Amino acid sequence: MQSDNLEYILDHYKNPRNFGTIEDADFSYEEGIPSCGDVIRLDLKIRNNKLDDIKFSGTGCAISQASVSILTENVTGKEVEEIVSYTDKDMLEALGGQVSPIRFKCALLGLTVLKKALTGKSSNQ
Ligand code: FES
């Protein structure tokens, strides 16, 4: 991993953006990775078919926490359809494209939770 990418990821890990919860969220979803025990919860507010607000909570490794922090910044204000079409490749590129394959599951956990929340796998839980 290049040092500038590493610093970018570490900054998001140490100073997470959009960390917290939304009391009156339109959609909420939580999922973890059983093998490591890490869990991410996302709370979403949708207005005019756009993501008006997003907060994440939970615990996880540096890659998973930084990834979801970066993800929340990248999707805020976007249309729901655009967010749902965001791919694993897009997420990995947002991290500088240099996360090792063994950490892909960490990097993609937040995106998995976000898509499940938006596609109605679960709501208001
Ligand atoms: Fe659990 Fe990374 S080790 S999400």
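We're numbering straight along the sequence, starting at 1. Computed from a predicted structure; not experimentally measured.
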Kindly compute the distance separating [atom1] ([X]) from [atom2] ([Y]), expressed to the nearest 0.5 Å.
| X | Y | atom1 | atom2 | result |
| --- | --- | --- | --- | --- |
| T72 | I70 | OG1 | CD1 | 9.0 Å |
| N18 | D53 | CG | CG | 7.0 Å |
| Q65 | F19 | CD | CZ | 6.5 Å |
| R103 | S64 | CZ | OG | 8.0 Å |
| S100 | I63 | OG | CD1 | 7.5 Å |
| L111 | K115 | CG | NZ | 5.0 Å |

Only one of D43, I54, L42 passes side chain to side chain contact (heavy atoms under 4.5 Å, CB included) with I22, and that residue is D43
Of V75, L118, L44, the one forming a side chain to side chain contact (heavy atoms under 4.5 Å, CB included) with V80 is L118
So [Y] and [X], do their side chains get closer than 4.5 Å, heavy atoms only?
| X | Y | answer |
| --- | --- | --- |
| R41 | Y29 | no |
| L109 | K105 | no |
| S69 | F56 | yes |
| F104 | D88 | no |
| S57 | E30 | no |

Taking all atoms of both residues into account, what is the closest heavy-atom pair of [X] and [Y], and its distance?
| X | Y | answer |
| --- | --- | --- |
| L95 | S67 | CD1-OG, 3.4 Å |
| A107 | V99 | CB-CG1, 4.3 Å |
| D90 | S85 | OD2-O, 4.2 Å |

Looking at D52 and K50, does any basic side-chain N land under 4.0 Å from a carboxylate oxygen?
no
**Report entry** Presence of salt bridge, K45 and D24, under 4.0 angstrom
**Finding:** yes
**Item:** Whether N74 side chain and L71 backbone form a donor-acceptor pair below 3.5 Å
**Value:** no
- Message: Would you say that more than 12 heavy atoms from the other residues, nucleotides or ligands in this model lie under 6.0 Å from the NZ of K78, or not?
- Response: yes
Please check if [X] and [Y] belong to a single hydrophobic cluster, counting links between Ile, Leu, Val, Met, Phe, Trp and Tyr side chain heavy atoms closer than 4.5 Å.
| X | Y | answer |
| --- | --- | --- |
| L108 | Y8 | yes |
| V68 | Y13 | no |
| Y86 | L114 | yes |

Taken in chain and number order and not counting sequence neighbours, the residues that satisfy side-chain contact (heavy atoms from CB on, under 4.5 Å) with N15 are D11, R17
Worksheet item: Side chains of E81 and N49: donor-acceptor distance under 3.5 Å anywhere?
Response: yes
